[in-house]
Amino acid sequence: MLFFPFTTDAQNCMKCSKYEKSNSGRNSCIPRNINYLSYEDQLGSTLSFISIILSIMCAVILGIFRKYCETPIVRANNQYLSCLLLISLMLCFLSSLLFIGRPTQICCILQQVIFGIVFTISLSSLLAKTLTVIIAFNATKPGSKLKKYVGTQLSIILIIVCSLGETVISAVWLASNPPFAEADTLSDPDYIFLFCNEGSVILFFCIIGYMGTVALLSFIAAFLAKDFPDRFNEAKNITFSMLVFCSVWVTFVPAYLSSKGSRMVAVEIFAILSSSAGLLGCIFIPKCYIIFLKPELNTKDPIVRK
């Protein structure tokens with residue numbers, strides 16, 4: 001930006017610094033406006049309110065599952081994995097708060113790493129729940145060798161392995177080219193955009209791609225198990241939730257790359273909240289509906305008769 005010290009048509013001009021712009025009279029420099037997604041903004045406050053409400057919903061549903069832990073609908077779908085999934089979803093909602101506020105070095109590192117690992121735990125829990133249904137159904141066949149895999153041990157190992165893969169990618173990212181806070185002074189002459197630079201764009205999309213791979217495996221497994229004869233078989237719900245998840249993150253990539261400033265951060269927060277809410281709504285809301293509104297279905301007798 002250029003300004004004229006005292007009058008127009010001067011022979012010599014002075015250049016404003018990259019953090020300043022010339023005023024309307026072109027005779028002095030004034031600070032440029034700073035743009036980032038803050039809690040004071042309407043968009044930032046709305047997204048933070050939604051994330052808190054959704055995390056409270058997870059806590060309430062977790063309390064409901066603990067209270068009705070002995071009922072068939074809770075026990076039939078591995079209550080421990082359900083609780084782990086609810087806790088990880090609650091952390092996913094809360095992790096979106098790291099994206100709001102003035103970017104700092106520590107926040108830039110934590111927001112992507114925590115989100116990636118916690119979301120991978122959620123998706124691997126779904127994969128484990130689906131594989132548990134498949135193994136349990138096929139283990140009842142005569143001569144099946146899958147009986148030794150029935151139980152929670154295989155599920156725990158699967159979740160640890162999937163989460164370890166995401167952790168390794170995150171560790172390589174932080175060791176090689178970690179995210180950092182950056183100020184964009186070139187995109188707009190009137191604004192300075194504060195944002196978190198991913199550092200390595202390749203590793204950033206490797207994390208997104210790894211989550212997409214786990215989600216795709218969960219979708220395939222759930223699709224294969226959706227027709228199993230079980231009143232409380234949640235494979236259909238998992239299949240639909242994976243469709244919601246994949247739809248959100250497929251549209252996220254072009255929207256994220258075409259945005260800048262606070263809008264770019266809002267796009268990622270929206271993707272986190274909407275995909276997590278899709279998992280919460282598709283999997284747990286039907287269970288709460290049966291627990292409170294259709295208690296006659298939440299008994300052993302219908303299962304035995306079927």
Side-chain angles (χ1 to χ4, degrees), residues 50-93 119 121-140 150-152 154-156 158-159 215 217-248 273-306:
I50 294 174
S51 65
I52 292 174
I53 292 298
L54 291 174
S55 61
I56 292 175
M57 286 182 61
C58 287
V60 171
I61 296 175
L62 180 61
I64 293 172
F65 269 55
R66 294 300 299 167
K67 181 179 180 180
Y68 295 92
C69 61
E70 298 300 326
T71 59
I73 192 171
V74 177
R75 299 187 64 181
N77 293 291
N78 200 322
Q79 57 180 317
Y80 301 107
L81 287 179
S82 296
C83 292
L84 178 61
L85 178 58
L86 282 168
I87 293 173
S88 58
L89 285 177
M90 181 168 57
L91 293 177
C92 284
F93 291 129
F119 221 124
I121 294 175
S122 301
L123 296 173
S124 58
S125 299
L126 290 177
L127 179 59
K129 287 168 74 69
T130 309
L131 291 180
T132 300
V133 174
I134 295 176
I135 292 174
F137 180 79
N138 288 281
T140 59
V150 177
T152 59
L154 179 63
S155 301
I156 294 174
L158 180 63
I159 293 172
L217 293 175
S218 300
F219 171 77
I220 295 174
F223 184 80
L224 295 175
K226 65 183 178 63
D227 294 325
F228 284 179
D230 188 344
R231 177 181 292 273
F232 297 139
N233 180 16
E234 59 185 353
K236 292 182 180 179
N237 296 337
I238 294 177
T239 302
F240 187 73
S241 67
M242 288 299 97
L243 288 175
V244 174
F245 174 88
C246 294
S247 300
V248 169
L273 295 179
S274 56
S275 56
S276 301
L279 298 181
L280 180 66
C282 294
I283 296 172
F284 293 103
I285 298 302
K287 299 181 188 299
C288 293
Y289 173 79
I290 292 178
I291 289 174
F292 291 109
L293 299 180
K294 295 289 184 179
E296 67 275 7
L297 299 178
N298 194 16
T299 59
K300 293 183 180 179
D301 291 340
I303 302 176
V304 173
R305 286 197 301 268
K306 188 166 183 175

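Side chains included, hydrogens not; waters and symmetry mates left out as well; all remaining heavy atoms used.
Atoms CE and CD1, on Met90 and Ile56 in that order, are 10.5 Å from each other to the nearest 0.5 Å. We find the CD1-OG distance between Ile156 and Ser124 to be 12.0 Å, quoted to the nearest 0.5 Å. Interatomic distance, Ile50 CD1 to Ser55 OG, rounded to the nearest 0.5 Å: 12.0 Å. In this structure, CG in Leu85 is found 5.0 Å from CG in Leu126, a value given to the nearest 0.5 Å. To the nearest 0.5 Å, atom SG of residue Cys92 and atom CG of residue Leu54 are 11.5 Å apart. The CG atom of Leu158 sits 9.0 Å away from the CG atom of Leu217 when rounded to the nearest 0.5 Å.
A distance below 6.0 Å separates the ring centres of Phe65 and Phe284.
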Q: Under the side chain to side chain contact (heavy atoms under 4.5 Å, CB included) rule, what do Ile238 and Met242 come out as? Steps first, then yes or no, please.
A: CA-CA 6 Å; Ile238 294 177; Met242 288 299 97; 4.3 Å; yes
Q: Tell me, with the steps shown, if Leu280 and Cys58 meet side chain to side chain contact (heavy atoms under 4.5 Å, CB included).
A: CA-CA 8 Å; Leu280 180 66; Cys58 287; 3.9 Å; yes
Q | Step-by-step side chain to side chain contact (heavy atoms under 4.5 Å, CB included) determination, Leu81 to Ile159 | A | CA-CA 10 Å; Leu81 287 179; Ile159 293 172; 3.5 Å; yes
Q.
Could you go through Phe119 and Leu279, starting from their C-alpha distance and side-chain angles, then the distance that decides it, and tell me whether this counts as side chain to side chain contact (heavy atoms under 4.5 Å, CB included)?
A. CA-CA 11 Å; Phe119 221 124; Leu279 298 181; 4.1 Å; yes
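Contact between Ile283 and Ser241 at its shortest, heavy atoms only, is CD1-OG, 4.0 Å. Gly281 and Pro286 get closest at one heavy-atom pair: O-CD, 3.3 Å. Closest of all the heavy-atom pairs between Val74 and Cys69 is CG1-CA, 3.9 Å.
With Ser276 contributing its side chain and Leu273 its backbone, the two residues share no donor-acceptor pair below 3.5 Å.
Side chains of Val244 and Ser275 form no contact here, defined as non-hydrogen atoms less than 4.5 Å apart.
Between the side chains of Ser218 and Lys129, not a single donor N or O lies within less than 3.5 Å of an accepting N or O.
Residue Phe219 is tested with Thr130, Leu127, Thr239 for a side-chain contact (heavy atoms from CB on, under 4.5 Å); the sole match is Thr239.
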